[in-house]
Amino acid sequence: MGDQQVAECSSRLQEQERRIRTLSAEIDSLKNPLGLEPSPHLADLKEENARLQYRLNILKRSLQENPAESSTAMLNINQRLQQIFGEAIGAACPRVPDPPRAVTPNQQAKFGDYQCNSAMALAQTLKASGLKVSPREIAQQILENLPENELIEKTEIAGPGFINIHLKKNFVSKLLSNLLLNGVQPPPLPARKKVVVDFSSPNIAKEMHVGHLRSTIIGDSMCRLFEFLGYEVLRLNHVGDWGTQFGMLIAHLQDKFPNYLSASPPIGDLQAFYKESKKRFDEDEDFKKRAYRCVVLLQSKQPEILQAWNLICDVSRTEFQKVYDCLQIRLIERGESFYQEMMKTVVQELKDKGVLELDEGRQIMFVPGQSIPLTVVKSDGGFTYDTSDLAAIHHRLFQERADIIIYVTDSGQSTHFQLFFAAARMLGWYDPLVTRIEHAGFGVVLGEDKKKFKTRSGETVRLMDLLDEGLKRSMDKLKDKERDKVLSPEELTRAQRSVAFGCIKYADLSHNRINDYVFSFDKMLDDRGNTAAYLLYALTRIRSICRLASLDAGAVLAAAATTPILLDHEKEWKLGKCIVRFPEILQKVLEELLLHTLCDYLYELATTFTEFYDSCYCVEKDRQTGEVVKVNMWRMLLCEATAAIMAKGFDILGITPVHRM
Ligand code: ARG
C-alpha cells in the first residue's frame, strides 16, 4: 500500500462527492414535485462512496502502521502523472462525466518526458454537448488546475493542445537513491491475488517440440513477472496424458513386454515405440479393437492398465525433466488425467442445466457467439480435449480460486480456448470483469529458410538436441574470443550455459509472441544488437567498472545514503530517466502479457548506458601507471542502478547472468 493508492482513492472520492453534490442539487431544485423516489443513480453513487471511504480509511491506517512501505517500492511515474492530470482535468472540466486522462511517455525527449493529449479529446466532447472551446484553451485550463506535486519541473503547450511534461531532476535523483537503498522493489499489490499459468504442457509419449519450448519459455517468464509483483503463482503443466493414444501404446506394451508388471520395460526410445504401435493400430483391425478397449479400461482405472500407463508417463516425464533442468523451469504436473473425476461432475452439471445436445451420438454444446460447438462426450462415451479443459477451468476457478488464469499455447489453438472460455461464461462460472482469463497465443517457430522448423532430413527437431547444439555453439563463440584462456574451467562452463540458454530464451521473448519467429543460432548468439549475448556482456562490463572502483555492496549503500546522484550531464539525465521507467514497463507487460516490451526496454537501457559511459568518466585512471586516481561516486551509483535493473530484468526473463564471461 502506498501514498499513491491513498491519493488515487481520495481523488476518486472527491470526484464522487462532487457528482453527488451536483445530483443532489439537481434533485433539490426539482423539489421532487411528483414525490418520486430519489434517483437510483444517486443511491449507487452513495453506496460506492461509502465503499471508497472505507477503503481510504484502511489505506490510511496501514500507511500509519507501516510508513516505510510507502517509500521502498519503486514509483510508477506514468501512473502518478495520470493521477495528477486526472485531478487537473476533473477540476478543469467538471461537467465532462468520465474525461480522458491519458499520459504517455514521449518517444522524443526534446518534446518533454511525458505528454498529456487529453485536451483534444475533451474539446471534441465539449463540442458535442454544444460548447465550443479550443483544445489549447482547455490545455491551459488543465495546467492552471494542476495540483502541487513532487515530480513536474515544467510543462508547455505545444501544437494544437499537446501538453509536454518535463520531470524534475532532483525527483528522479531521489528515486534512484531509493532504488539503491531498498533494492528493486515491486509496486505494492492492493490485495493478494492468485494466478494460474498453464504452460509448457507437452503430450506424453510424443516428442516435446519447439512449440512446447516457446510455451515453456514464455510461460516461465510470465510466472516470474507475476511472482516479482507479489502474486501467488501456480505454475501448471497441463500434460496430455489421457488421450486415446494410450490405448494403442498400452496394447503394444502388453504384447512386446508381457512381464511389464514385474520388470520395467526398456522403452527409453518412446518415440520409436509410439511409431511401432501406431503402425499396428493403422494396419491391424484386431489390435485397434484391443487398443480401444484399453482406453476404456484406463479411464475406469483398472490397476494393471494403470500401471502400464504410469510406466509410459514416467519415461516421458524423465525426458521432459531434462529440458526443464537445462532451462531451470519449475512447474507442477497436473495433466488431463488429473481431471478425470471432475469431468464426470462437469458433464452432469451440463446435463442438469440442459445445455447438451445430441449430434450423431455425440453430446455437444453450443455457446453464444461461437460458430462451432464443444464436443463434451464422444459417441463411445469418452471425453475430449474440450471436456478436460472445462473441468480444468472449473477446478481453477472454484478450487484454486484463481483471480487470473493464463494459457500459453500456439495461436493455432485459439478457437479451442475462445470456445471453452465462452462456455464457462455462459455457465456463469466467471465474470470477465472480475476474473481475467486469457489465452496468450504465439506464432510458429520457423527455420532460417522461413519454413516450419525441421531437421535437414525433415524430422521434428528434438529439444535436447537443440539445447545441446546451443551449448556447442556458445562454447565455440567463447573460444573464438579466446575466453578459454582467461576464464577458469568453471567460469567457462558457467558462461557457456548462461549464453546458450539465455540466448535461446531471449530470442524467443524479444519477438512479439503473436508473430511467427525465425530460429537462428547465428542471430541469437551475435553479441551486437538486441540479443542476450549483447546484454549479458553489457552487464558484466558494468559490473567490472564497479570492481575497478572497488565498490562492494556495503560501499554502495553507504554512498547511496550520502551522495546525491547528480544528473547535470545530458547523458546522466537520459540514463537516470531510463532507469526509473522500469515500473511502468512492467505494468505494461502485465497488461498486455507481451514480454518483448521488457526486452526492448533492457536493450534501450544498455545502449543508453553505453552513451553515458562513453561521455562521462566514472573512474579516472592515471595514464602512465593505470592506477585509479579518482572515482566519481554519483556516476558509480548510476552504474549500480543500471546493473540492478538489468539484473532484475534478466531475472524476470529467466536468464542467468554471470560475473565473468
Ligand atoms: N497438450 C497441449 C498441446 O500439446 C497443450 C495444452 C494446453 N493447455 C490446456 N489447458 N489446453 O498442444
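Order of listing sets the numbers, starting from 1, for every ligand and every atom in it. Basis for what follows: all heavy atoms, side chains included, without hydrogens, waters or symmetry-related copies. Just so you know, these numbers come straight off a predicted model, no measurement behind them.
Ligand-side atoms of ligand 1 in range of N203: 1 (N), 2 (C), 3 (C), 4 (O), range being under 4.0 angstrom from any heavy atom. Within ligand 1, the atoms closer than 4.0 Å to a non-hydrogen atom of Y407 are 10 (N), numbered from 1 in the order shown. Near T409, meaning under 4.0 Å from any of its heavy atoms, are these atoms of ligand 1: 7 (C). Per-residue contacts place H212 under 4.0 angstrom from the following atoms of ligand 1 (heavy atoms of the residue considered): 3 (C), 4 (O). Remark: ligand 1 atoms within the under-4.0 Å shell around heavy atoms of D198 are 7 (C), 8 (N), 9 (C), 10 (N). Taking a cut-off of under 4.0 Å to the non-hydrogen atoms of Q413, the atoms of ligand 1 that pass are 3 (C), 12 (O). Near Y385, meaning under 4.0 Å from any of its heavy atoms, are these atoms of ligand 1: 2 (C), 5 (C), 6 (C), 7 (C), 9 (C), 11 (N).
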Worked check of ring pair (Phe, Tyr, Trp, His ring centres under 6.0 Å) between F421 and Y407: CA-CA 11 Å; F421 292 171; Y407 297 81; 5.5 Å; yes
Dump the intermediate steps for salt bridge (Lys or Arg N to Asp or Glu O under 4.0 Å) on E232 and K193, then the final yes or no. CA-CA 6 Å; E232 181 186 344; K193 289 210 166 173; over 6 Å; no
Criterion ring pair (Phe, Tyr, Trp, His ring centres under 6.0 Å) on H238 and Y339, from CA distance to verdict: CA-CA 10 Å; H238 191 87; Y339 302 98; 5.7 Å; yes
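Taking 4.0 Å as the cut-off, E336 does not count as a neighbour of ligand 1 on heavy-atom distance. Contact analysis leaves F199 out of contact with ligand 1, as no non-hydrogen atom separation drops below 4.0 angstrom.
Both tests hold for K288 against F281: distance to the six-membered ring centre under 6.0 Å, angle to the ring axis within 45°. Figure legend: R317 and F320 shown without cation-pi pairing, the cationic atom not lying both under 6.0 angstrom from the six-membered ring centre and within 45 degrees of its axis.
A donor-acceptor pair is defined here as one N or O able to donate and one able to accept, closer than 3.5 Å; no such pair exists between the side chain of S316 and the backbone of C313.
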